[in-house]
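Reading through the C-alpha cells given below for one structure.
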Amino acid sequence: NIGSPQQLSRVLFEELKLPKTRRLKTGSYSTDAQSLEELRGAHPVIDLILEYRELTKLKGTYVDALPGLVNPRTGRIHSDFNQTGAATGRISSSNPNLQNIPVRSELGRQIRRAFVARDAGPDPYLLSADYSQIELRILAHYTGDPALVEAFRRDEDIHAVTASQVFGVPMEKVTPEMRRRAKVFNFGVLYGLTPYGLSVRERIPQEEAAEFIRRYFEKYPGVRRYIEETVQRTRELGYAETIFGRRRYLPEINSPNANVRQAAERAAINMPIQGTNADIMKIAMARVQQEMDRRGLRSMMVLQVHDELIFECPANELEEMQGLVLDIMPNAAQLAVPLKVDVKVGKTWGDME
DNA sequence: TACATTTGCCAC
DNA sequence: AAACGTGGCAAATGTA
Ligand SMILES: Nc1nc2c(ncn2[C@H]2C[C@H](O)[C@@H](COP(=O)(O)OP(=O)(O)OP(=O)(O)O)O2)c(=O)[nH]1
Ligand SMILES: [Mn+2]
Ligand SMILES: [Mn+2]
C-alpha cells in the first residue's frame with residue numbers, strides 16, 4: 001500500500017536498498033515529498049510515487065469530500081469559521097476547511113474552479129481582496145527599518161526583489177513560482193529559518209544558505225533588533241502581544257529544555273506580526289460588513305483566508321464593492337507604511353483577474 | 001466501533 | 001525534525 005508510509009519505507013529502503021533519508025522521531029526513515037525528491041533518479045518508481053501522492057491528496061481531501069458537504073437546502077458548502085481557532089488571533093476554518101483549497105499546482109487550481117458565483121443576483125461574480133505583502137508591511141512598522149519602510153513608501157514588491165536576488169535574475173524575469181518561493185524565504189528567515197533548514201528545503205550547501213540569510217539581515221538590519229527585543233520582552237512578560245494588545249502567553253520561553261525554549265522564541269517572534277495581521281483583518285471585516293449593510297447591498301462576504309476576503313456580488317455591484325473594500329481595508333489600521341490591497345474579479349475562485 | 005497518535009500535505 | 005510560524009484533514013496504525 002503506497003499510502004502506508006511504513007510499508008513504503010520497507011519497500012524503498014529494505015527491498016530496493018535506496019539511500020536512507022532523514023530519520024523520524026520514531027526511528028523510521030521519512031518518505032515525505034521532500035525526501036523522495038532526493039531519491040529521484042535513483043529509481044523510476046520515485047516519480048510515480050510522487051505523482052500518486054499529489055493525486056490521492058487532491059482526490060481524497062477535496063474532490064471526494066467536498067460534494068458530500070453541499071447542504072441540500074442551500075446548495076452551498078457551509079464551513080465553520082472558528083473565532084478562537086488559532087493562538088495568534090487568526091480564525092480557522094473547518095468542516096470543511098476552506099482556507100486551504102489548492103491553488104499551487106494546475107490540478108489544484110482546477111479544484112478551486114469548482115467554487116463559483118451563483119446566488120448573488122442574475123449575473124453573479126466573485127470578488128477577492130487580498131492585502132499585499134501584509135506581514136512584511138507590519139514588520140516594517142515594528143522595526144522602522146529604513147530599507148523596508150522606504151520600499152513600501154515607494155510601493156515596491158519585496159517578495160519579487162528577494163526572488164530577483166536569490167535566483168539571480170532581473171525583476172522582469174521573476175516568475176510567479178519564483179516569487180512564491182521568495183515569499184517562503186522572506187517569512188522563513190524572519191521567523192527563525194536556519195541555514196540547515198534552508199539548505200534542506202532548497203537543496204543547497206549549508207554555507208550557501210548561511211550566506212543568503214546573512215545578506216537578508218544585512219539588507220534589513222532592523223529585523224535582527226526586532227527579533228532580539230521581542231524575545232527578551234516575551235521572556236520578561238511571559239506573553240507576546242500584537243499592536244492592538246492581543247496576548248499569547250508563552251511560558252515555555254523560560255524552559256530549561258533548549259528545544260522547547262527555542263520553539264517558544266520563534267512563536268514569540270511570529271505572534272505579534274501574524275496576530276496584528278489577524279487584528280487588522282477582523283477590524284476590516286466588521287467595517288466592511290457594516291458598510292455593506294448600511295448601503296443595503298446584495299453582495300455577500302463569503303470567505304476569509306487570513307489576509308483575503310472573498311465576496312459574491314451581482315455584476316452591477318462590482319464597481320461599488322471594489323471601491324468599498326479599497327476604502328476600508330487599507331485604512332483598517334494606520335501603520336508607518338501604507339497598507340495595499342489587490343482586488344481581483346472572476347466567475348470562479350480558480351480564475352480571477 | 002470509537003478514539004489517539006503518527007505521518008504527510010494542502011493553504012496563508 | 002532541533003532546525004520559519006499558524007492552522008485542518010486523510011489514511012494508516014495502535015489501543016480500548
Ligand atoms: N511564517 C509564514 N507565514 C506565511 C507563509 N505564507 C504566508 N504567510 C503569512 C504571511 C503573509 O503576509 C500572509 C498572507 O499570505 P499571502 O499569500 O497573501 O502573502 P503576502 O500577503 O505576503 O503576499 P501577496 O502580496 O499577497 O502575494 O500569511 C509562510 O510560508 N510562512
Ligand atoms: Mn497577501
Ligand atoms: Mn493571501
Side-chain angles (χ1 to χ4, degrees), chain A residues 1-9 21-36 49-50 52-66 69 79-82 84-105 107-109 111-112 130-131 133-135 139 180 183-201 206 209-210 213 216 223 227 230 240 248 250 257-275 277-278 281 303-308 349:
Chain A
N1 181 356
I2 308 167
S4 162
Q6 202 177 88
Q7 295 179 40
L8 182 61
S9 167
T21 56
R22 68 179 171 84
R23 275 192 132 83
L24 301 174
K25 63 178 170 208
T26 54
S28 56
Y29 297 100
S30 174
T31 67
D32 68 12
Q34 189 74 42
S35 303
L36 294 184
I49 294 168
L50 286 167
Y52 175 90
R53 282 268 177 80
E54 181 184 359
L55 266 41
T56 54
K57 171 78 177 178
L58 296 178
K59 181 172 186 293
T61 306
Y62 305 102
V63 179
D64 292 342
L66 291 176
L69 294 164
S79 174
D80 295 340
F81 287 92
N82 313 295
T84 57
T88 54
R90 274 189 176 185
I91 64 175
S92 72
S93 163
S94 57
N95 307 308
N97 183 355
L98 292 185
Q99 292 180 320
N100 72 341
I101 300 302
V103 69
R104 227 169 40 197
S105 71
L107 197 65
R109 190 172 284 268
I111 293 168
R112 218 168 242 239
D130 185 304
Y131 282 103
Q133 314 173 69
I134 182 62
E135 290 185 20
L139 176 70
R180 194 191 63 76
K183 192 187 284 188
V184 174
F185 174 83
N186 279 335
F187 293 124
V189 173
L190 167 60
Y191 298 128
L193 185 65
T194 61
Y196 171 81
L198 182 60
S199 74
V200 170
R201 281 175 168 72
Q206 205 163 313
I213 292 171
Y216 178 101
V223 176
I227 289 173
T230 302
R248 177 180 184 180
L250 287 164
N257 179 319
N259 294 334
V260 172
R261 188 175 62 247
Q262 287 166 12
E265 288 173 358
R266 293 190 296 273
I269 295 162
N270 174 264
M271 188 275 170
I273 296 178
Q274 186 180 116
N277 178 6
M281 181 50 110
L303 289 175
Q304 188 257 41
V305 192
H306 308 304
D307 76 331
E308 174 185 19
W349 198 9

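- Along DNA chain C, the nucleotide closest to Phe187(A) and the one closest to Leu24(A) are compared, and the more 5′ of them pairs with Leu24(A).
- Rounded to a whole Å, the CG atom of Asp80(A) is 14 Å from the C1' atom of dG7(C).
- Straight-line distance from the NZ atom of Lys57(A) to the C1' atom of dC9(C): 6 Å, rounded to whole Å.
- Thr31(A) comes within 4.0 angstrom of sugar-phosphate atoms only, judged by non-hydrogen atoms across all strands, and of no base.
- Within the nucleic acid shown, Leu190(A) has no heavy atom closer than 4.0 Å to any nucleic acid atom.
- For Ala86(A), whose side chain is taken as the heavy atoms from C-beta onward, the closest listed nucleotide among dG7(C), dT13(C), dA2(C) is dG7(C).
- Base contact: Gln274(A) has a heavy atom under 4.0 Å from a base atom.
- Nearest nucleotide to the side chain of Thr194(A), out of dC4(C), dT13(C), dG8(C): dC4(C).
- Here the separation of dT6(B) from dC4(C), taken at their C1' atoms, is 22 Å to the nearest Å.
- At least one donor-acceptor pair under 3.5 Å links the side chain of Arg112(A) to the backbone N or O of Pro102(A).
- The CG atom of Asn1(A) sits 8 Å away from the C1' atom of dA12(C) (whole-angstrom rounding).
- Under the 4.5 Å side-chain criterion, counting only non-hydrogen atoms from C-beta, Met271(A) is not in contact with Thr230(A).
- Contact annotation for Arg248(A): backbone-only contact, meaning every heavy-atom pair under 4.0 Å involves sugar-phosphate atoms and none involves a base.
- Contacts between residues 87-97 of chain A and DNA chain B, defined by a heavy-atom separation under 4.0 Å, are made by Arg90(A).
- Between Leu69(A) atom CG and dC9(C) atom C1' the separation is 11 Å, expressed in whole Å.
- Regarding Tyr62(A), its OH atom lies at a distance of 10 Å from the P atom of dC9(C), rounded to whole Å.
- In this structure, Val189(A) reaches neither bases nor backbone, as no heavy-atom distance under 4.0 Å exists between it and the strands shown.
- Side-chain atoms of Glu135(A) do not come within 3.5 Å of backbone N or O of Ile273(A) as any donor-acceptor pair.
- Contact detail for Glu308(A) and Trp349(A): the closest heavy-atom pair is OE2-NE1, 4.2 Å.
- Separating the CG atom in Leu139(A) from the CD1 atom in Ile227(A) is a distance of 8.5 Å, to the nearest 0.5 Å.
- None of Gln274(A), Met281(A), Gln304(A) except one satisfies the side-chain contact (heavy atoms from CB on, under 4.5 Å) rule with Arg90(A); the exception is Gln274(A).
- Counting only distance, with no hydrogens or angles, the side chain of Ser28(A) and the backbone of Leu24(A) share no donor-acceptor pair below 3.5 Å.
- Across all strands, Arg112(A) comes closer than 4.0 Å only to sugar-phosphate atoms, never to a base (heavy-atom distances).
- At the heavy-atom level, Ala33(A) lies under 4.0 Å from the strands shown only through sugar-phosphate atoms.
- The shortest side-chain heavy-atom distance between Arg53(A) and Thr31(A) falls under the 4.5 Å cut-off.
- The shortest heavy-atom contact between Phe81(A) and Ile91(A) is CD2-CD1, 3.8 Å.
- Closest heavy-atom contact between Leu250(A) and Ala240(A): CD1-CB, 4.3 Å.
- The residue Gln7(A) sits close only to the backbone: its heavy atoms come under 4.0 Å of sugar-phosphate atoms, none of a base.
- In this structure, Leu55(A) places its CG atom 14 Å from P of dA11(C), rounding to the nearest Å.
- Atom name P, nucleotides dA1(C) and dC9(B): the rounded distance is 13 Å, in whole Å.
- Following rounding to the nearest Å, Gln262(A) (CD) and dG5(C) (P) show an atom-to-atom distance of 11 Å.
- Asp307(A) has its CG atom 14 Å from the C1' atom of dG7(C), to the nearest Å.
- Close approach of DNA chain B to chain A, defined as any atom under 4.0 Å from a non-hydrogen atom of the protein, starts and stops at dT6(B) to dC12(B).
- Put simply, the side chain of Leu190(A) reaches to within 4.5 Å of the side chain of Tyr216(A), judged on heavy atoms.
- In this structure, Arg22(A) does not reach the dA3(C) phosphate: none of its side-chain N or O atoms is under 4.0 Å from OP1 or OP2.
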